[in-house]
Amino acid sequence: MNAAWRDRLILAAPLLGLSILIVVSPTSEGPTFCPFALCTGTACPGCGMTRAASALIRGDIDAAMVLHPLVPLVALQSAIGWGWDLLRRTGRAQPLNSGTVNAMLIGTGLVLLAVWVTRLLSGTLPPV
């Protein structure tokens with residue numbers, strides 16, 4: 001795959017994902033694909049995120065927050081990351097150093113785990 005096709009794919013992939021979430025509304029009645037949930041019978045820290053993203057895209061913020069309270073954070077981080085990558089590819093921004101990226105990933109992971117433990121203890125995890 002040459003660089004031009006790779007760049008087009010990187011540009012199109014998030015738009016395709018958004019389009020799919022607009023057209024197809026994931027439901028709780030569908031099959032569970034999460035390996036953690038299948039093995040443990042308990043929702044993982046990210047369970048409900050796809051349905052929450054679909055609800056957020058459709059403008060149903062209340063439903064999105066019930067399905068997964070971190071969906072706005074993940075959506076914001078995804079949009080910023082995609083935009084930063086586009087700017088970097090056009091030479092308008094420098095790549096982030098690995099320390100900054102690692103700090104953001106670790107911070108997001110810790111917040112995700114904290115929210116999961118809180119939801120697990122309060123019984124508000126989505127059904128598996």
Side-chain angles (χ1 to χ4, degrees):
M1 176 183 299
N2 65 26
W5 276 104
R6 186 186 67 231
D7 289 346
R8 289 182 190 130
L9 182 61
I10 289 170
L11 176 64
L15 299 176
L16 178 63
L18 288 173
S19 300
I20 290 170
L21 287 176
I22 289 170
V23 174
V24 178
S25 180
T27 65
S28 298
E29 292 80 35
T32 297
F33 296 109
C34 175
F36 183 89
L38 290 172
C39 290
T40 65
T42 303
C44 78
C47 277
M49 191 69 76
T50 303
R51 289 175 282 147
S54 179
L56 187 67
I57 289 168
R58 295 169 191 276
D60 191 352
I61 296 171
D62 292 335
M65 297 301 287
V66 167
L67 289 165
H68 205 293
L70 291 182
V71 72
L73 172 67
V74 173
L76 180 63
Q77 286 177 331
S78 297
I80 290 171
W82 184 59
W84 190 275
D85 186 61
L86 289 176
L87 290 174
R88 185 187 60 79
R89 289 177 181 279
T90 60
R92 296 183 188 138
Q94 295 296 318
L96 294 173
N97 68 43
S98 60
T100 302
V101 173
N102 287 341
M104 287 188 294
L105 290 173
I106 291 169
T108 302
L110 291 173
V111 169
L112 190 64
L113 286 174
V115 168
W116 179 67
V117 169
T118 302
R119 294 176 79 196
L120 181 65
L121 295 175
S122 66
T124 58
L125 283 175
V128 176

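Counting only heavy atoms from C-beta outward, the side chains of Leu96 and Arg88 never approach each other to under 4.5 Å. In this structure, the side chains of Pro69 and Val115 come closer than 4.5 Å at one or more pairs of heavy atoms. A heavy-atom distance below 4.5 Å is found between the side chains of Ile20 and Leu16.
With Ser54 contributing its side chain and Thr50 its backbone, the two residues share no donor-acceptor pair below 3.5 Å. Side-chain N or O atoms of Arg51 include none that pairs as donor or acceptor with a backbone N or O of Leu67 at under 3.5 Å. Listed for the His68 side chain is no donor-acceptor partner under 3.5 Å among the backbone atoms of Ala53. Trp116 places no side-chain N or O within 3.5 Å of a backbone atom of Val111 that could act as its donor or acceptor partner. Between the side chain of Thr40 and the main chain of Thr42, a donor-acceptor pair closer than 3.5 Å is present. Side chain of Asn102 to backbone of Ser98: a donor-acceptor contact under 3.5 angstrom is found.
In this structure, Arg89 CZ and Trp84 CH2 are separated by 14.5 Å, a value rounded to the nearest 0.5 Å. In this structure, the separation between CE on Met104 and CD1 on Ile80 is 9.0 Å, given to the nearest 0.5 Å.
At a threshold of 4.5 Å between side-chain heavy atoms, the hydrophobic network of Ile, Leu, Val, Met, Phe, Trp and Tyr places Leu112 and Met65 in one connected group.
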Apply side chain to side chain contact (heavy atoms under 4.5 Å, CB included) to residues Thr108 and Leu70 and explain how you reach the verdict.
CA-CA 10 Å; Thr108 302; Leu70 291 182; over 6 Å; no

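Val74 and Met49 get closest at one heavy-atom pair: CG2-CE, 3.8 Å. In terms of heavy atoms, Thr100 sits closest to Asn97 at N-OD1, 2.7 Å.
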Name the atoms and distances for all side-chain donor-acceptor pairs under 3.5 Å in residues 120-128, with sequence neighbours left out.
unit_1 : atom_1 : unit_2 : atom_2 : d
Ser122 : OG     : Thr118 : O      : 3.0
Ser122 : OG     : Arg119 : O      : 3.3
Ser122 : OG     : Thr124 : OG1    : 3.0

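No more than 12 heavy atoms of other residues, nucleotides or ligands sit less than 6.0 Å from atom CD1 of Ile61.
Taking Ile, Leu, Val, Met, Phe, Trp and Tyr as hydrophobic and joining them when side-chain heavy atoms fall under 4.5 Å apart, one finds Leu110 in a cluster with Ile106.
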